[in-house]
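Chain naming here is simple, since letters A, B, ... match the order of the sequence lines and numbering starts at 1 in each.
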4 protein chains.
Amino acid sequence: MLGIELERESEQPLKRQIYQKLKEQIMSGKLKSNDALPSTRELSKDLGISRNTVGEAYEMLIAEGFVINRQGSATRVAEGVYMEQSDLFALCKTSLPKRMLKAD
Amino acid sequence: MLGIELERESEQPLKRQIYQKLKEQIMSGKLKSNDALPSTRELSKDLGISRNTVGEAYEMLIAEGFVINRQGSATRVAEGVYMEQSDLFALCKTSLPKRMLKAD
Amino acid sequence: MLGIELERESEQPLKRQIYQKLKEQIMSGKLKSNDALPSTRELSKDLGISRNTVGEAYEMLIAEGFVINRQGSATRVAEGVYMEQSDLFALCKTSLPKRMLKAD
Amino acid sequence: MLGIELERESEQPLKRQIYQKLKEQIMSGKLKSNDALPSTRELSKDLGISRNTVGEAYEMLIAEGFVINRQGSATRVAEGVYMEQSDLFALCKTSLPKRMLKAD
DNA sequence: GTGGTCTAGACCACG
DNA sequence: GTGGTCTAGACCACA
């Protein structure tokens with residue numbers, strides 16, 4: 001659905017993996033402001049995990065303001081959380097090890 | 001002082017160059033929460049530019065919430081703006097063109 | 001302006017009176033997050049006292065994080081400092097002497 | 001154990017009731033800095049509810065900084081979260097309905 | 001339909 | 001012992 005693949009053997013808890021994948025898609029602009037996330041029921045079924053776990057990942061996104069939810073309606077991407085690609089690359093150059101980046 | 005080097009010939013205005021360098025150091029964790037930025041007076045002297053230019057760069061950081069300015073005290077790095085290297089790299093992989101990153 | 005009345009004969013110093021009144025209005029929600037406080041110039045004129053005194057009251061609020069001061073703009077109410085009336089009353093019931101509260 | 005009584009019929013979710021009671025005891029000084037909270041296992045057994053629910057209440061306290069926890073050890077009250085009784089009463093006078101307070 | 005809450009289990013890593 | 005995570009159910013209120 002969203003191209004999310006989980007690794008059961010990872011040290012990262014499942015809820016954190018989901019949180020990260022969604023946050024990436026939001027910050028990179030794949031999920032845009034006001035886009036609806038899949039329902040917890042849908043995504044949990046899709047990933048083959050418990051609905052609670054998806055719910056916890058959504059709570060993390062809510063807590064950090066990436067996502068908004070209202071009673072009885074879908075969880076949606078908040079506004080103003082997109083990061084410019086140019087800023088992102090500049091940031092990479094200073095904070096990622098050189099072996100990860102190609103020469104300019 | 002902060003390892004900032006400006007390029008006078010760059011297309012990027014000086015204030016944006018300063019803004020980016022500081023933002024990078026903040027997001028990458030070199031400048032940590034509550035660290036004080038140098039005063040505009042100090043930094044402008046250090047870089048050999050106008051204090052106004054530094055002030056404008058600081059305002060950009062304030063406007064985006066990376067930095068906080070309390071009455072009568074130094075401008076300080078806000079909380080919760082540090083980005084985990086793992087998160088950053090994950091974000092790059094999904095949102096930067098492949099030509100910029102080395103293969104895993 | 002904010003319904004602040006000072007008592008010159010009180011044991012409480014003026015700056016503490018101002019501090020308390022503003023803190024109350026903030027915690028009770030009369031002043032909401034991001035609301036601007038009046039400028040020190042304005043409020044001091046309004047109350048007929050020195051601008052320094054108002055400034056000191058503001059500093060106390062800043063020091064406790066109730067209020068934020070961003071470069072070149074008004075002093076504003078911080079986020080997350082509002083206290084639900086229900087929470088407040090519950091807190092009173094456990095921590096204030098009974099003689100101060102009416103029976104339920 | 002901590003004098004917590006839950007109301008199953010309340011509109012307030014159980015986790016919020018627990019959160020509130022603990023927050024009160026912390027802000028009022030009954031639970032002091034570095035005091036250990038009961039373990040989630042203990043408290044859940046004591047209250048006759050699921051350990052998950054207690055854990056969620058603890059998470060809320062952690063998120064707001066009232067409480068701190070480290071791997072494998074007890075959850076403890078954070079520092080600097082106590083509220084002076086005089087400030088509390090002053091706050092009550094402005095933000096609680098008069099019918100709740102006795103005359104001065 | 002949606003999310004919010006709750007249960008009664010389980011296994012893990014840390015100390 | 002502790003908290004952290006996860007499961008597979010359940011019932012609720014809201015729209």
### Task
Return no unless some side-chain N or O of A:Thr53 is found under 4.0 Å from OP1 or OP2 of F:dT7.
yes
### Message
For E:dC14, give the paired nucleotide (Watson-Crick: N1-N3 plus N6-O4 or O6-N4; G-U: N1-O2 and O6-N3; both under 3.5 Å), or none.
### Response
F:dG1
### Query
Can a side chain N or O of A:Ser50 be found less than 4.0 Å away from OP1 or OP2 on F:dC6?
no
### Task
Please report, rounded to the nearest Å, how far the C1' atom of F:dC11 is from the CG atom of D:Leu14.
13 Å
### Message
So if I take every side-chain heavy atom of D:Arg51 and compare against E:dG3, F:dC6, F:dG4, which nucleotide ends up nearest?
### Response
F:dG4
### Message
Any base atoms under 4.0 Å from A:Arg8, or only sugar-phosphate, or nothing? Heavy atoms, all strands.
### Response
sugar-phosphate
### Message
Could you check whether the side chain of D:Arg41 and the base of F:dG1 have a donor-acceptor pair of N or O atoms closer than 3.5 Å, going by distance alone?
### Response
no
### Message
So, OP1 or OP2 of E:dG3: does either fall under 4.0 Å of a side-chain N or O from A:Ser73?
### Response
no
### Query
Are A:Leu61 and A:Thr75 close enough that some pair of their side-chain heavy atoms sits under 4.5 Å apart?
no
### Task
Select base, sugar-phosphate, or nothing to describe what A:Arg70 touches, counting heavy atoms under 4.0 Å on all strands.
nothing
### Query
If only side-chain N and O atoms of A:Lys15 are considered, is one of them under 4.0 Å from the OP1 or OP2 phosphate oxygen of F:dT5?
yes
### Task
Could you tell me whether the side chains of B:Tyr19 and B:Lys15 share a donor-acceptor contact shorter than 3.5 Å?
no
### Message
Check this one for me: any side-chain N or O of D:Asn52 less than 4.0 Å away from OP1 or OP2 of E:dG9?
### Response
no
